[in-house]
Amino acid sequence: MKLYEQYPVFLTNSLTGKKEKLETQIPGFVGMYVCGPTVYNYVHLGNTRTFLSFDLIARYLRFLGYHVRYVRNITDVGHLVGDVDEGEDKIGKKARLEQLEPMEIVKRYTEDFHTVMRQFNILPPNIEPTATAHIIEQINIVKKLIDLGLAYEVNGSVYFDVKKYNQSHHYGILSGRNIEELMESGRDLDSQDEKREKIDFALWKKASPEHIMRWPSPWGEGFPGWHIECTVMSTKYLGETFDIHGGGMDLKFPHHECEIAQATAANGKPPVRYWVHSNMLTVNGQKMSKSLGNSFLPSELFSGNHKLLEKGYSPMTVRFFMLQSHYSSTLDFSNEALNAAEKGFKKLNNALTLIKSLHLQKTAVNTETEKVLLQQADNCFQNMSDDFNTAKTLAVLFEMASQINSWAAAKQLNVSEPVFEKFKFTYVAMMEEVLGLKEETGGNNELLAGTVNVLINLRKKARTDKNFALSDKIRDDLKAIGIQLKDGKDGEMSYEIE
RNA sequence: GGUUCCGUGGCCGAGUGGCUAGGCUGAGCUCUGCAAAAGCUCCUACAGCGGUUCGAAUCCGCUCGGAACCUCCA
């Protein structure tokens, strides 16, 4: 029996608003697509949270035994800056500002993105396609939509006919809108021009003379519209209908709504079985975003070099911090919360280090304890399978950490070997493989360890001689440079680098 | 204005009808030469007002407060 059969996954489907059992199209296989970053700038912490959320989902599904194909794109064609403005594109704009080739911009920020992903221990997707590598496919689907009569060309640009699509389908199915309201609301656009209705969206845009990124097409030189790349790349690698489509909450409308419309129109069936949206990271209750000026970069967070930060925090501390809340809830950022997370993570991290090296003497087996431990191990899976509830899982891991500490203190094992092994396996696997919380050793190396051991031995001698002034000085001085000595019961000492 | 979501103890944050969330902080105890770490114990909340129910933080209604989306955004 596979783990995914033993612990079937339930996830909240944004399409229905309900928690549903994951029934994949092909048993044992999961196709998942997540909207990746637009690489026209450094990714900030808010962006990172989304990728972390889906990293977790991919990790857990794989852990359960699913064969996961995880596709996360890189948007290297700028989305349109305004709605129907001059056809300006973010990447092109930045490129002109900096006097660079667009692809130079793309490369720089793609590399930054990958670096950040690595720092947070976010695993790479199986396929990371770029929009610019799929121009032909995008043109083809636009052609197809025109042939189907659901798109129209005006002056070298092509738009999707939402009103027409809505006659046979529901545009707004995902975000709970109807097109009458959409057509009434919203601001009146200054250059309301070529589109038949303002809710129509661009599939292909004609490139203005100064527009740098451009490709030839049946409609002249231009570039793909905002939403079409995701439809093309997801269906190319995962099929016309695939299991999970993820992305940030802010992409639900219009981006994902448009994806559904395009794909459904082109292929005659809905593209996605389960839509999953991760919520925003907030600062003082407000969405972290570049335009609000309340965002910060991962590097600033690590170094503490930012006006909103009191100090720096390690990548795993930040990862832990984010895992303490559910992906579907907003998470508010604060120094206080980060400090709490730092301590909490340290506790779990210490237990992780400990359990890997525990040597315990067997004593009488306590069957009650065994029951509790097996229940804890089981709960980890139950919680994760319940819409990837990392917060609840962490709560169990804290209980498990207490158990580990107790064992270490007693040096005795009061459960049977198989129970211990299962417990240990679950704790280590949940921490490292599922939650991706890597052990942080704090710049440990052999030379340092040897040096500290010399000092530890000197201090042992001092303590035996009751020379507490000296032993305290050794401890205090080491503490001052960030090494905390801990005295064990039987005269042994350990240390921890802070 | 429209659509949707949220409001939990000092702080963060789980929780979808009855059972201790958990972390951080604070207090006490144990261990310790003193610390640190660890263990144990305590601080028992659910915006307000109504309603449904034997029973609601959890369901319904209203009020107040906050947020996201409706325009590029993870």
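Every chain is numbered from 1, with letters handed out A, B, ... down the list of sequences.
- Between A/Phe113 and A/Phe51, the ring centre distance stays below 6.0 Å.
- Counting non-hydrogen atoms under 4.0 angstrom, A/Lys343 reaches the backbone sugars and phosphates but no base.
- Between A/Lys347 and B/A37, a side-chain N or O to OP1/OP2 separation shorter than 4.0 Å is absent.
- The separation of B/A68 from B/U63, taken at their C1' atoms, amounts to 22 Å, rounded to a whole angstrom.
- Near RNA chain B, meaning a heavy atom under 4.0 Å from it, residues 10-22 of chain A has no residue at all.
- Residues A/Phe388 and A/Phe54 keep their aromatic ring centres 6.0 Å or farther apart.
- As judged by a 4.0 angstrom heavy-atom cut-off over every strand, A/Ser402 is placed among residues touching the sugar-phosphate backbone only.
- For the C1' atoms, the distance from B/G10 to B/U4 is 32 Å, rounded to whole Å.
- At a threshold of 4.0 angstrom between heavy atoms, the contacts of A/Phe398 are confined to the sugar-phosphate backbone, with no base atom among them.
- For the atom pair CG (A/Leu308) and CZ (A/Phe333), the distance works out to 7.5 Å, reported to the nearest 0.5 Å.
- In this structure, A/His245 and A/Trp275 have parallel ring planes: the angle between them is below the 30° cut-off, well short of the 60° mark.
- Taking 3.5 Å as the limit, the base of B/G13 and the side chain of A/Asp332 contain no donor-acceptor pair of atoms between them.
- Nearest nucleotide to the side chain of A/Leu281, out of B/A74, B/C11, B/C70: B/A74.
- If you check every strand for non-hydrogen atoms under 4.0 Å, A/His277 touches nothing.
- Separation of the A/Tyr159 and A/Phe201 ring centroids does not fall under the 6.0 Å cut-off.
- Using a 4.0 Å heavy-atom criterion, one finds that A/Leu331 contacts the sugar-phosphate atoms exclusively.
- A/His306 pairs by the ring-ring contact (aromatic ring centres under 6.0 Å, His included) definition with A/Phe296, not counting sequence neighbours.
- In this model, the phosphate group of B/G39 is approached by a side-chain N or O of A/Asn405 to a distance below 4.0 Å at OP1 or OP2.
- Atom NZ of A/Lys252 is separated from atom P of B/U3 by 14 Å (rounded to the nearest Å).
- Nucleotides B/A14 and B/U8 are separated by 11 Å at their P atoms, to the nearest Å.
- The phosphate of B/C72 (OP1 or OP2) has no side-chain N or O of A/Lys290 nearer than 4.0 angstrom.
- Between the side chain of A/Asn335 and the base of B/C12 there is no donor-acceptor pair of N/O atoms closer than 3.5 Å.
- Put simply, CD on A/Glu496 is 8 Å from P on B/A38, counting in whole angstrom units.
- For the P atoms, the distance from B/U41 to B/A21 is 14 Å, rounded to whole Å.
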Report task. Represent RNA chain B in dot-bracket notation, 5' to 3'. Only Watson-Crick or G-U wobble pairs with both distances under 3.5 Å count; pseudoknot-style crossings use [ ] and interstrand partners use |. Result -> (((((((..(((.....[...))).(((((.......)))))....(((((..]....))))))))))))....

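- Scanning atom types as modelled, one donor and one acceptor separated by under 3.5 angstrom connect the side chain of A/Arg475 and the base of B/A35.
- Among the heavy atoms of the strands lying under 4.0 Å from A/Gly176 are primed sugar atoms or P, OP1, OP2 only; no base atom is included.
- Annotation: the span from A/Met400 atom CE to A/Leu352 atom CG amounts to 11.5 Å, rounded to 0.5 Å.
- The CE atom of A/Met280 lies 9.5 Å from the OG1 atom of A/Thr330; values are rounded to the nearest 0.5 Å.
- In this model, the phosphate group of B/A37 is not approached by any side-chain N or O of A/Ser494 to a distance below 4.0 Å at OP1 or OP2.
- A donor-acceptor pair shorter than 3.5 Å can be found between the side chains of A/Asn73 and A/Glu229.
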